[in-house]
K.L.:
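The structure that follows is given in the form of structure tokens.
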Amino acid sequence: MELFEAVMQELDITWDDISTEKRIDGYIARGKARLEQIAGAPLNFDEEGEPRRLLLDYCRYANSRALEAFEQICIRSAEPAFECAGETK
């Protein structure tokens, strides 16, 4: 499944709306940038795995306007996974 479609499904967005699609594209771009910043390396968001799961979580929290909670809950719990996967500096 394409990343954009996966995010739309995760957010239960079933309608077509250009402004919604632009907002989701922004969530995806900012989420990728933030997660790669944390990892210190490029990540693969196209395949199932921890980076994709975290990006979907990022988009869900962004859509709920709760990115502070994402940073507190998801990032702290994911940092060891990035290190274990060898995806950090």
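These values consider heavy atoms only, across backbone and side chains, with no hydrogens, waters or symmetry-generated copies.
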K.L.:
Do W15 and M8 share a hydrophobic cluster, counting only Ile, Leu, Val, Met, Phe, Trp and Tyr and linking them when any side-chain heavy atoms are less than 4.5 Å apart?
P.N.:
yes
K.L.:
Can you list everything that forms a side-chain hydrogen bond (donor to acceptor under 3.5 Å, both in side chains) with D16? Sequence neighbours excluded, please.
P.N.:
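side-chain hydrogen bond (donor to acceptor under 3.5 Å, both in side chains) check on D16 returns nothing, list empty.
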K.L.:
Tell me every residue that passes side-chain hydrogen bond (donor to acceptor under 3.5 Å, both in side chains) with S19, counting only those two or more places apart in sequence or in another chain.
P.N.:
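Partners of S19 by the side-chain hydrogen bond (donor to acceptor under 3.5 Å, both in side chains) criterion, ordered by chain and then number, come out as D17.
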K.L.:
Check C59 against V7 and note the closest heavy-atom contact, atom names and distance.
P.N.:
CB-CG1, 3.8 Å
K.L.:
Please check: side-chain N/O of E36 versus main-chain N/O of L43, any donor-acceptor pairing under 3.5 Å?
P.N.:
yes
K.L.:
Quick one: list whatever passes salt bridge (Lys or Arg N to Asp or Glu O under 4.0 Å) with R52, sequence neighbours left out.
P.N.:
E48
K.L.:
For E71, enumerate each residue passing the side-chain hydrogen bond (donor to acceptor under 3.5 Å, both in side chains) test, keeping only those at least two apart in sequence or located in another chain.
P.N.:
R34
K.L.:
To the nearest 0.5 angstrom, please state how far the CG atom of L11 sits from the CG atom of L56.
P.N.:
8.5 Å
K.L.:
Quick one: pull up CG in L55 and CG in L3 and give me the separation to the nearest 0.5 Å.
P.N.:
5.5 Å
K.L.:
Scan residues 41-63 for pairs that pass ring-ring contact (aromatic ring centres under 6.0 Å, His included), counting only residues two or more places apart or in two chains.
P.N.:
Y58-F70, Y61-F70
K.L.:
Please list, one pair per line, the donor and acceptor atoms closer than 3.5 Å that link side chains of residues 21-29 to other protein atoms, with sequence neighbours excluded.
P.N.:
unit_1 : atom_1 : unit_2 : atom_2 : d
R23    : NE     : Y27    : OH     : 3.0
R23    : NH2    : N63    : OD1    : 3.1

K.L.:
Salt bridge (charged side-chain N to carboxylate O under 4.0 Å, His left out): which pairs involve residues 54-64, sequence neighbours left out?
P.N.:
E10-R60, R53-D57, D57-R60
